[in-house]
Every structure is written in structure tokens, then in C-alpha cells.
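For reference, positions follow the sequence shown, starting with 1.
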Amino acid sequence: MTLITTFVTFIALLAWAWGSALWAHGAGTDSVPWAVYTQAFYLSGVLSIGLMSLAMVLAVRLTWLERPFGGIDQMYRLHKWTGMAAVLFAAMHWLLEMADDIVKALYGRAGRPEEQEYGGWLGAMQDVGEELGEWAIYVALGMLVITLWKRFPYHLWRHLHRVMPVLYLGVALHAAVLAPADYWAHPIGWLLAGLLTAGSLAAGWTLTGQVGRSRRYAATVVSVQTPTPGVTELVCRVQGAWRGHQAGQFAFLTLNWFEGAHPFTIASAPHGDGLVTFQIKALGDFTRQLAHLAQPGQPVTIEGPYGQFKLSRQRRSARQIWVAGGVGITPFLAWLDSLAEAARQGGAAPEADLHYFTRQAADDPFAQQLHTRCAAVPSVKLHVHESNTGLTPTTPEQLVAESAQAGQRTEVWFCGPAGLGQRVRAGLKHKLGWRLRFHQEAFEMR
């Protein structure tokens, strides 16, 4: 199931639950304007809290969900979609609340459903929930703006993002005490109860610092090198009961608490010595300063491994095409390292075409490494494509499609710029149709 299908299915499930309650109890009024207004208000609230609950669960890095979702990177992508959609539905919910007076002015009070009022402790909680809901939407909209504003510094955004579990707990209280009382006797109530419970547990797990804790390991920087301007090679030795990684997986690297954890693909295969190598391209403030921030002997924290972009998941019966752009080559460096190690022990390597897109190969340290590593794995045919030569008008999707054969099952593994991935996928889909299986690593922490 694709992420889009999962996203749409979840929204459909929430809408069905709302619809089942509407079918069972009706709109609560014979006035069509008030019925439409009231049910739109309820539906927007259900969608908002449901999506926000899912976003909270996806944020806690549950490894048992990696396989069905296709990896932590895909879970974070869905987390982003659900979070943004939740805020938009919350804004709609708030606007409908503000529009109450407009509906009264246009259609009068006749037919307006009575608000449920409770006394004592529950009535007081309703007042608190209403206040929390109003303030939560202001904060959530602000967070949405700075999340979309990519120039806002990541380390500051990360600290501001810590408020989201607290915000969620306030919204969860709002939903629990203000949802229509008859909801709790129907599927919508059972669904909301499950989502609110799961979301609240996830929020508590996050606030107490438990996310990824069982996979955190102390490590020491062994070496820091700059093979070329803009790329830092960081080698770390992991201490303790490091469970090891599979070629193609990634880990979160923390140099200091304030900067926080950053995900990087491990560019080396496991050799049983606790060493992990990262090839990190300067793409932001942190990565540009990394060569100066990290020093040999420095203690760091490594959390992982994570990810499903693994050599072991390949289908041997399908033609293999590997495509990378820029720093997206790092998982394939690990793959080649692993295959070379297997070959030394008498193992067989799959046949594959590896396409690497770069501006200028002569100045690209990854291109130089690829030639060396592919020489040790002859079954992998290397294609290096330069964009700065201006010698060929052939598009990237055409170059990759040349390795595919119509009518043959083909498995493509892609890691690189999202735009390049979309073009390659579209080009191969046109040629192969349903015979194409496309894997794409997608990492965006905000």
C-alpha cells in the first residue's frame, strides 16, 4: 500500500465513522443550513484530531511499523502529511466555530441544535477544553508556517517542535470533553477513544525522552576527513551491544544536545568491528560546519539502525536498476561494500545497472569511489552521467530507461533529489507499466 493510499484510506475511515453516527442519530435538526453547519463542524474536528493522533504515533519511531510502511523515512513523510492536514482541518473547525454568528444572522436561531451542557467537574473541564482548543490552533498554525519556511533554522525549529506533544494533549482533552455524547456509543466513539489513547501514549513517550532510547549507543569519532569541499567523511566506533546494521540503513547522529539528532545513511557495510562510516554532504548549517564541529576522540551518540532501503529486500527474479543523485549514492556505497565482502567469501552478487547523476565526475569524490567499488563487483555495471558536459540532450529518465527491457519485471532503487526521482519513475512507468517496482528513500525531517 502506497503512502497516498494509506493517507486517503485513513481519512476515509474517519469520514465513515462520522457518517455512521450521522446515519444512526440524524443531524439533530430539521433546519438544513444548521444541519450542514453543525455536521461540517463535527467532521472537521474528527478529521483534525484523528490525523493529529496518527501523526503523534508515527513520530515515535516504532520499528515494528517500518516494514508495512516501507521504512522510518516513509513514516516521517506520512507524519508530515498528516500533521499538516490536521492543522488545516483544525483551522477549518475553528473558522466554523467563528462563523456561528454569521449563520444566525442569515438563517436565525430556529433549528439551531442545543449545545450539550454539563455541570460540576465535567462542565469545568469543558471550559478548559474549549480554551485549550482555541489556543492550540494558534500555536499549530504558527508551527505550520515555520515548518514550511525552509529558511528557518532547523535546530531552532527542532526545539519549537518539542511543544507539539503538549499541544496534542490539550487538543485531545478538547476532543474528549466536547465531542457529542452520543458518539461514544458508536464506531466513531470507539475509533476516537483508540486514537486518543494511542496519541496520548505517544505524546507521553516523546515528552519523557523515550523515543529511540533503546537504540541509542555511545560512540567515538575515529576520524574526520574532507575528501572534497562540501563533503565530510566521518568514521565512528560504536560502543556497547551495537546490534549492527544492514547495508543501506541509516542512523541518527548526535554531536551535542542543542543541535540534536540528524539522520545520515551509513556508507559502509557491517564488518563486525563496530565501525560505521558516514559520507555527509554540506546541505545546511550543521552539515557545512561538521568538519570543524567533529574531532577525533569526541564522544557522540548514534541511534539506529533504521530503514528498509536494504540489499536483502531485493527480488532476485527482477532486473535490478539502481539510481542515485548526488549524496543519494551513500546507501549504494554500502551495498557495494557489502557485495565486495560477500564476493571475497565466495558469495554471488546480483546483476544490476547503477546510474549515478552528478554535475562533474572529475570533481566528485563519490564517482571516484564508485569506480573503485564497482571494479570489485563486476556484476554491477556503472553508468556515470554528468550534467555539466552539455554533450547530450538525453534526459535522465531516458538514460535510466535504456537499462530496462519492456515486458521484464524490473525493480528500481532510487535515492536522490525528489524531482529526479519523479522523472525517473514516470519514464520507467511509461515503459514498463505494472512490471515496475520502485523504491525511493525520502528523508525530510521537516
Side-chain angles (χ1 to χ4, degrees), residues 223-235 247-248 250 264-269 277-284 287-288 290-291 309 311 319-341 343 349-404 410 412-428 438-443:
S223 68
V224 184
Q225 298 182 29
T226 307
T228 189
V231 175
T232 300
E233 180 185 86
L234 193 66
V235 181
F250 69 93
F264 299 113
T265 299
I266 301 172
S268 59
T277 300
F278 300 99
Q279 299 274 0
I280 302 169
K281 190 171 183 179
L283 298 173
T287 50
R288 279 193 289 269
L290 186 59
F309 201 88
L311 191 61
R319 183 177 185 84
Q320 294 293 315
I321 300 178
W322 307 343
V323 186
V327 75
I329 195 60
T330 49
F332 299 108
L333 292 176
W335 283 13
L336 292 169
D337 191 11
S338 178
L339 291 173
E341 178 69 23
E351 292 188 359
D353 286 272
L354 172 55
H355 294 265
Y356 178 53
F357 292 88
T358 181
R359 287 189 175 88
Q360 193 165 333
D363 299 328
D364 189 331
F366 295 138
Q368 298 164 24
Q369 290 186 52
L370 282 173
H371 284 291
T372 301
R373 298 197 187 193
C374 284
V377 189
S379 62
V380 178
K381 184 178 180 181
L382 178 63
H383 310 266
V384 177
H385 308 293
E386 301 177 272
S387 61
N388 279 358
T389 61
L391 297 178
T392 174
T394 309
T395 63
E397 55 268 33
Q398 291 173 326
L399 290 168
V400 175
E402 290 174 1
S403 297
T410 302
V412 177
W413 296 80
F414 176 87
C415 189
L420 176 61
Q422 292 171 0
R423 294 175 63 182
V424 170
R425 183 196 290 262
L428 289 172
F438 199 96
H439 305 267
Q440 182 172 357
E441 192 164 60
F443 241 110

Verdict with reasoning, L234 to F264, per side-chain contact (heavy atoms from CB on, under 4.5 Å)
CA-CA 11 Å; L234 193 66; F264 299 113; over 6 Å; no
Do R359 and D364 pass the side-chain contact (heavy atoms from CB on, under 4.5 Å) test, and can you show the C-alpha distance, the side-chain angles, and the key distance before you say yes or no?
CA-CA 8 Å; R359 287 189 175 88; D364 189 331; over 6 Å; no
Could you go through the side-chain contact (heavy atoms from CB on, under 4.5 Å) check for W335 and V380 one step at a time?
CA-CA 11 Å; W335 283 13; V380 178; over 6 Å; no
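Taking the side chain as every heavy atom from C-beta outward, T232 and T287 never approach each other to under 4.5 Å. F414 places a side-chain heavy atom less than 4.5 Å from the side chain of L420. A 4.5 Å side-chain heavy-atom check between S403 and H383 finds at least one atom pair inside the cut-off. When side chains are defined from C-beta on, P331 does not count as touching L311, because their heavy atoms never get closer than 4.5 Å. Counting only heavy atoms from C-beta outward, the side chains of L354 and L336 approach each other to under 4.5 Å. For the pair F278/I266, a side-chain contact is recorded, criterion being any heavy-atom separation below 4.5 Å from C-beta on. By the 4.5 Å heavy-atom criterion applied to side chains, F357 and V400 are counted as neighbours. You'll find the side chain of W413 stays beyond 4.5 Å of the side chain of E441, heavy atoms only.
Interatomic distance, OG1 of T358 versus NE2 of H385, reported as 11.5 Å (0.5 Å rounding). Atom NE2 of H355 and atom CD1 of I321 lie 6.0 Å apart (nearest 0.5 Å). Once rounded to the nearest 0.5 Å, the distance linking NZ of K381 with CD of Q320 reads 16.0 Å. In this structure, I329 CD1 and F366 CZ are separated by 8.5 Å, a value rounded to the nearest 0.5 Å. Atom CG of residue L382 and atom CG of residue L370 lie 5.5 Å apart, to the nearest 0.5 angstrom.
For Q368, the CD atom sits in a packed shell: over 12 heavy atoms of surrounding residues, nucleotides or ligands are nearer than 6.0 Å.
Taking all atoms of both residues into account, the shortest heavy-atom contact from G325 to P417 is O-CD, 3.7 Å. Scanning both residues, P227 and Q279, for their nearest heavy atoms gives CG-OE1, 4.5 Å. The two residues S338 and A247 make their nearest non-hydrogen contact at CB-CB, 3.8 Å. Counting all heavy atoms, side chain and backbone alike, A291 lies closest to T226 at CB-OG1, 3.8 Å. Closest of all the heavy-atom pairs between A334 and A269 is O-CB, 3.8 Å. Taking each heavy atom of R288 and A282 in turn, the nearest pair found is CG-CB, 3.5 Å.
When the salt bridge (charged side-chain N to carboxylate O under 4.0 Å, His left out) test is applied to E397, the partners found at least two apart in sequence or on another chain are R423. With sequence neighbours excluded, the residues satisfying salt bridge (charged side-chain N to carboxylate O under 4.0 Å, His left out) with D353 are R319.
Between F309 and F332, the gap from one ring centroid to the other is short of 6.0 Å.
Side-chain N or O atoms of T265 include none that pairs as donor or acceptor with a backbone N or O of F250 at under 3.5 Å.
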